[in-house]
Protein chains: 2
Amino acid sequence: MRKRGSSPHTTHLRDKFTQYNREAGFYDCYLYWVNTAQTTDICEFMSRNTVIHSVTADDVAALAGVSRWTVNRAFKKDASISLKSKKKVLDAAAELGYLPDLLAAGLASDKSSLVSLLIDDFSNPYKLLMMERLTRILRTHGWGTILVNTVNNDDATDALLNASQRRVDAAILIGSRYDEAILTAALGARAVRKLIVFGRYSSHPDTISIGCDDVSAMNQIADHVIARGYQRPLFLAGPQTPSAHLLRQDTFLKRWSNQKQEKADYTTVGVYDPKAAYEHVCRVLGALNKNQWPDILVSENDAIAMGAIDAVRYHFGLKVPHDIAVTGFDNAPFADSPNYELTTYRQPISEMAEQLAEVLKGRQLTQKLNHFKGELIIRTSA
Amino acid sequence: MRKRGSSPHTTHLRDKFTQYNREAGFYDCYLYWVNTAQTTDICEFMSRNTVIHSVTADDVAALAGVSRWTVNRAFKKDASISLKSKKKVLDAAAELGYLPDLLAAGLASDKSSLVSLLIDDFSNPYKLLMMERLTRILRTHGWGTILVNTVNNDDATDALLNASQRRVDAAILIGSRYDEAILTAALGARAVRKLIVFGRYSSHPDTISIGCDDVSAMNQIADHVIARGYQRPLFLAGPQTPSAHLLRQDTFLKRWSNQKQEKADYTTVGVYDPKAAYEHVCRVLGALNKNQWPDILVSENDAIAMGAIDAVRYHFGLKVPHDIAVTGFDNAPFADSPNYELTTYRQPISEMAEQLAEVLKGRQLTQKLNHFKGELIIRTSA
DNA sequence: GGTTTTTTTGCACCCGCGTGCAAAACGGAC
DNA sequence: GTCCGTTTTGCACGCGGGTGCAAAAAAACC
């Protein structure tokens, strides 16, 4: 595709592009983009050029009259390079439409600037929000995000292997069911350099878990439920993975028994999926005498809460919160829809994602990675 | 990290791993995995080993007593290699826990086996479904998916540049607002080798668009609406991008006027977002005299339809479908929720994703990439 | 067994860039 | 102009594996 660094080739490229140089603003926009990683009108820049790939640092070096390594430095911040040659290089690069090849860079430096994001659960709309934040914020810090689908639990290790083949800098788990075995596998094999559990507590050693302070959050919810005078809560729990340690559930139950001197009940839905929650709630409430019914369903997250509301409203024909109230957790998309008006707790995902970027950079600013404070959002569902 | 192919090093690795060999089933599982790309219990395999990275083909070659290139062939299907040496190599590889490095392979072969998936819209739950299918199916065909967030339109070109830096084999657009400029930029600059618009029609030349037969689909919806006897439809349109060519909208309007000898009305929501649709419907219907009200809202997709239903039900206090009916398109998550019970059209995304894989492999089996047939799903909303 | 055909194997060279170090250029003081 | 300290620049070598071809080995044939 490209004859390497051959002088005629370079000359050819040069001829090809010099026609564009006369048009004003061309360089500026390119340089601006390179320097700031902001887009002004690169769009225009790109459409004017016909070959952007297969231009290597050698080509640029030849055109700029410097060595390849100087070209290199021009694109690397904090590199020792004189302003003069930096300008020369960037000019040449702009002329040729050169951009460093991240694949080669990754191979050479053993840093792929890629992370893989493992998700095992696409039925929870909250994941959409997490993906939006994570991809956006990680990219501003230079990381690409490989989305890995592990809906089958078996796939998870497979995916991890794949991740290791791609030399990702880290694997981020935002799933709900990952168990010890997977974590151990990933870490034991050093398939990934860093294993990060995001938005969820993990007690696994060597795993970095970034999440909000579930205890404080759940206590706020409990206090709210108590303050509103509810008497018979039923906690709807999600997947029972050992590493998550049932943190939200335990916290709620403990708080309740401390405050009310009586035990609160709970039931395990097992999946963070509105439909499953719907059916579970139908079954559980259906099996109960009316006088044993809860007056509030405290859900481990919004996905469950939504299913619960649907069940209360459509299966039993009752009113939320009048007959049975519901709380959630996450402030997922649709939580604010008029169908749900869910009282819930918002995790500060953006902050958490920023922290994640710091962790990836190796600067772990704080040890308190699981104590982000979010906010209780009170709507009409409870 | 690793001394390259040095004999003492290899011996060291060998020592390190031979202890595991005695345990039964170890090889088998590894070999099985390598050959079938299926996971049996690689999990266990991985956790037993402590170094999986930084084992190169050279190490394996040394251990197996063959050349590095033979090792290579053992991992490449359809390669010419004798069964005997393949076994030798795979045994050695299993012993060392070797896996080929995709980064290096990508650099050498100029195929990264990576695609980037550009999304500009995280508020439509349908995207969740598309991501699930695409990532899962592409992975079975060997591609990793880089998720690129382009919520800011400006970011799209930036993202495309980034994609080119990563040498992705293709960029897949599943956004809603990508306009000509971006497509042209991407193609003009050859920033990406292939530009694929998925789940949506694109008239742009050089762009491969894979989608269902919108015309046939929308006609089915129109016929259903007519058959049910609705008289005053209002079409709720999404973003007005030139390349999408308003296919669904035009189809519906045309069908209606052909069948009913009168024009149907439409209004432009502009975004595929339930909230925006909610407000838009409130505004539009609010400005109309009751006698001019539509009896059915035909929506360009489910995201809009959901917002429309919410507006009808909660803002105007009316019943769906009794007062105003609603149809959608996509059969997105939540379309079957009791809140919506949306009559909609399901696109065959799995089939489409398989077709995408074929396109990536360069075998474009059919020219009819925009004529997948889905199915009309009739629920209670219309 | 000798010869031809086919399969299998080995190898030089390349992919595009990073790293650490040594040489060169620069700049200021005398 | 010389000397010395400080930038700045150039370079050999490496990252791990892919490609096409030629040599070697195996198989087929007479």
Side-chain angles (χ1 to χ4, degrees), chain A residues 1-6 9-10 52-62 64-89 93 96-113 164-167 169, chain B residues 1-6 9-10 52-62 64-89 93 96-114 142 164-167 169:
Chain A
M1 197 165 181
R2 208 185 49 75
K3 275 164 257 134
R4 175 99 176 280
S6 56
H9 170 62
T10 304
I52 190 170
H53 233 339
S54 71
V55 174
T56 73
D58 283 312
D59 297 326
V60 178
V66 296
S67 71
R68 180 170 70 71
W69 296 270
T70 302
V71 173
N72 220 304
R73 290 189 182 94
F75 281 89
K76 184 173 157 191
K77 69 177 176 189
D78 304 331
S80 111
I81 186 177
S82 67
L83 239 78
K84 206 179 68 187
S85 38
K86 182 161 184 175
K87 174 163 168 33
K88 259 197 309 193
V89 169
L96 299 180
Y98 166 80
L99 283 178
D101 184 319
L102 292 180
L103 214 58
L107 178 59
S109 68
D110 201 35
K111 265 171 264 162
S112 61
S113 73
S164 89
Q165 285 188 274
R166 291 222 145 79
R167 301 185 164 208
D169 296 333
Chain B
M1 197 166 180
R2 207 186 49 76
K3 274 165 259 131
R4 176 100 175 278
S6 57
H9 170 62
T10 304
I52 190 170
H53 237 337
S54 70
V55 174
T56 72
D58 283 313
D59 298 326
V60 178
V66 296
S67 72
R68 178 170 72 71
W69 297 272
T70 303
V71 173
N72 219 304
R73 291 189 182 92
F75 280 90
K76 184 173 157 190
K77 70 175 174 190
D78 303 331
S80 109
I81 186 177
S82 68
L83 237 79
K84 206 180 65 186
S85 38
K86 182 163 184 173
K87 176 164 167 31
K88 260 197 309 192
V89 170
L96 299 181
Y98 166 80
L99 282 178
D101 184 318
L102 291 180
L103 217 57
L107 176 60
S109 69
D110 200 35
K111 267 172 263 160
S112 60
S113 75
L114 232 34
S164 88
Q165 286 188 273
R166 289 199 196 288
R167 298 183 167 214
D169 296 333

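In what follows, chains are A, B, ... by sequence order, proteins preceding strands, each numbered from 1.
Remark: of the listed residues A:Gln165, A:Arg167, A:Arg166, A:Arg167 is the sole one forming a side chain to side chain donor-acceptor pair (under 3.5 Å) with B:Asp101.
OP1 and OP2 of D:dT7 both lie 4.0 Å or more from every side-chain N or O belonging to A:Ser82. Taking side-chain N and O atoms only, A:Ser80 has no distance below 4.0 Å to OP1 or OP2 of D:dT9. Between B:Ser85 and C:dT9 there is a side-chain polar atom (N or O) within less than 4.0 angstrom of OP1 or OP2. Taking only side-chain nitrogens and oxygens, B:Arg167 comes nearer than 4.0 Å to OP1 or OP2 of C:dG16. Under 4.0 angstrom from either OP1 or OP2 of D:dG10 there lies at least one side-chain N or O belonging to A:Ser67.
Under the 4.0 Å criterion applied to side-chain N and carboxylate O atoms, A:Asp169 and A:Lys111 are not assigned as salt-bridge partners.
We find that CG of B:Leu107 is positioned 14 Å from C1' of C:dC13, with the value rounded to whole Å. Remark: C1' of C:dC21 and CH2 of A:Trp69 are 13 Å apart, rounded to the nearest angstrom.
Each of D:dG20, D:dT19, D:dC11 was ranked by its minimum atom distance to the side chain of B:Ser109; first place goes to D:dT19. Which of D:dG16, C:dC17, C:dG10 sits closest to the side chain of B:Asp101 comes down to D:dG16.
Residue order along DNA chain C, read from the 5' end via each residue's closest nucleotide, puts B:Val66 first among B:Val66 and A:Ala105. If you find the closest nucleotide of DNA chain C to A:Lys84 and to A:Lys76, the one lying nearer the 5' end belongs to A:Lys76.
Rounded to 10 degrees, the angle separating the terminal helix axes of the helix from C:dG1-D:dC30 to C:dC30-D:dG1, each built from five base pairs, is 30°.
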